[in-house]
Amino acid sequence: MFMRHILLTIFFSFLSVSIGFSQGTFLKNGESGFEVGAAYASSKVGTAIGGGIGYSIESLADFSVSVSRAALAQKMNGNKVLEYAISPSLEVNFKRDSATIPIFASLIFGYEKDMYRSSPLNRLNESMNGDFFSAGFLLYGNIYVSRRIYIQPSAEIDYVIGTGDLRDKYQMYIQSSDYSTGVATVSAALVFNASSRRMFVIEPAVSRDKDYTTYSVEVDFVMATFR
């Protein structure tokens with residue numbers, strides 16, 4: 001039971017590894033488009049890989065969903081622990097065509113469902129899961145290097161609340177814990193305009209919650225569909 005309690009704590013601290021997609025920030029004002037991408041993240045807690053897809057409506061509202069798989073550094077009775085997550089999100093962008101306001105803002109709302117897998121849990125027919133909700137505020141701007149290349153630095157603050165639980169084979173609660181934390185993230189996306197409608201993005205980022213620092217890199221393809 002002590003080991004399981006530690007794992008719940010680690011699980012909560014791993015939230016900043018979640019992979020997000022913000023295709024609307026790369027599209028021109030009024031453009032709609034989709035994004036597909038993949039990401040890798042690492043912290044002292046473990047490493048994660050994932051991918052996702054999203055669609056932006058006139059670059060004002062972004063809908064996306066991502067899935068990820070994480071391998072935790074902490075073992076359960078000597079056995080590795082894997083975390084699988086699915087994360088739908090909504091981002092509302094505040095954009096305007098104005099050279100006098102080079103900084104833009106977004107509101108981000110997300111949900112994450114996490115599921116743990118480990119041999120000891122399987123042998124006991126127990127399950128460990130979590131449900132988390134987040135709300136955040138993003139600031140970003142564009143720095144043009146050339147006509148086809150620009151850098152998009154950003155800073156984001158999120159607040160996350162959620163619950164993790166351990167249940168037996170009858171789905172009765174063995175243990176449940178609530179958690180909340182703030183997460184601060186800074187990133188700098190390098191954007192290559194392959195054409196007027198197609199973009200390739202490489203975005204390294206650093207996130208910090210109340211316990212851990214997470215380093216990540218995301219690679220995306222963004223395509224405008226119409227304006």
Side-chain angles (χ1 to χ4, degrees), residues 1-21 37-54 62-91 108-136 156-185 205 207-216 218:
M1 182 64 70
F2 175 70
M3 180 60 71
R4 295 171 188 158
H5 174 73
I6 292 177
L7 282 173
L8 282 173
T9 303
I10 291 175
F11 164 62
F12 292 140
S13 302
F14 207 61
L15 286 172
S16 56
V17 173
S18 299
I19 299 164
F21 295 89
Y40 170 83
S42 178
S43 74
K44 290 183 178 180
V45 179
T47 58
I49 57 173
I53 187 169
D62 296 359
F63 303 90
S64 64
V65 61
S66 65
V67 293
S68 62
R69 175 185 182 273
L72 303 189
Q74 179 69 59
K75 306 294 184 181
M76 176 181 281
N77 298 333
N79 295 274
K80 67 179 180 180
V81 180
L82 300 177
E83 176 207 18
Y84 297 90
I86 181 167
S87 310
S89 66
L90 166 66
E91 181 170 331
I108 304 172
F109 306 93
Y111 166 75
E112 181 171 306
K113 178 67 176 182
D114 293 328
M115 297 154 283
Y116 273 101
R117 298 294 182 266
S118 185
S119 295
L121 293 175
N122 295 337
R123 285 195 297 268
L124 296 172
N125 289 321
E126 295 177 348
S127 61
M128 188 185 297
N129 302 288
D131 296 276
F132 298 91
F133 299 88
S134 64
E156 181 179 344
I157 296 292
D158 297 278
Y159 184 70
V160 183
I161 60 173
T163 300
D165 61 68
L166 180 67
R167 303 189 189 195
D168 63 19
K169 63 181 180 180
Y170 303 108
Q171 293 301 298
M172 300 296 292
Y173 285 98
I174 298 174
Q175 182 182 354
S176 180
S177 299
D178 296 326
Y179 186 79
S180 63
T181 186
V183 182
T185 303
S207 300
R208 176 72 188 183
D209 62 20
K210 66 181 183 180
D211 296 307
Y212 295 98
T213 300
T214 300
Y215 303 92
S216 64
E218 188 172 319

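To the nearest 0.5 Å, the span separating OH on Y40 from OG on S68 amounts to 13.5 Å. The distance from atom CG of D209 to atom OG1 of T185, rounded to the nearest 0.5 Å, is 9.5 Å. Between M115 atom CE and N129 atom CG the span is 7.0 Å, to the nearest 0.5 Å. Taken to the nearest 0.5 Å, the OH atom of Y116 stands 10.5 Å off from the CG atom of L82. Here F133 contributes atom CZ and D158 contributes atom CG; the two are 15.0 Å apart, rounded to the nearest 0.5 Å. Atom CZ of R117 and atom CD of E83 lie 11.0 Å apart (nearest 0.5 Å).
Shortest non-hydrogen contact noted between S89 and S64 is OG-OG, 2.7 Å. Taking each heavy atom of S180 and K210 in turn, the nearest pair found is O-NZ, 3.4 Å.
Residues Y84 and V67 form no side-chain contact, since every pair of their non-hydrogen atoms from C-beta on lies 4.5 Å or further apart. At a threshold of 4.5 Å between non-hydrogen side-chain atoms, the residues F132 and I161 do not count as touching. Using a 4.5 Å heavy-atom cutoff, the side chains of V183 and R208 are not in contact. In this structure, D131 and Y111 have side chains that are in contact, with non-hydrogen atoms separated by less than 4.5 Å.
Counting non-hydrogen atoms of neighbouring residues, nucleotides and ligands closer than 6.0 angstrom, the NZ atom of K44 reaches no more than 12 such neighbours. A 6.0 Å sphere centred on OH of Y215 holds no more than 12 heavy atoms belonging to other residues, nucleotides or ligands.
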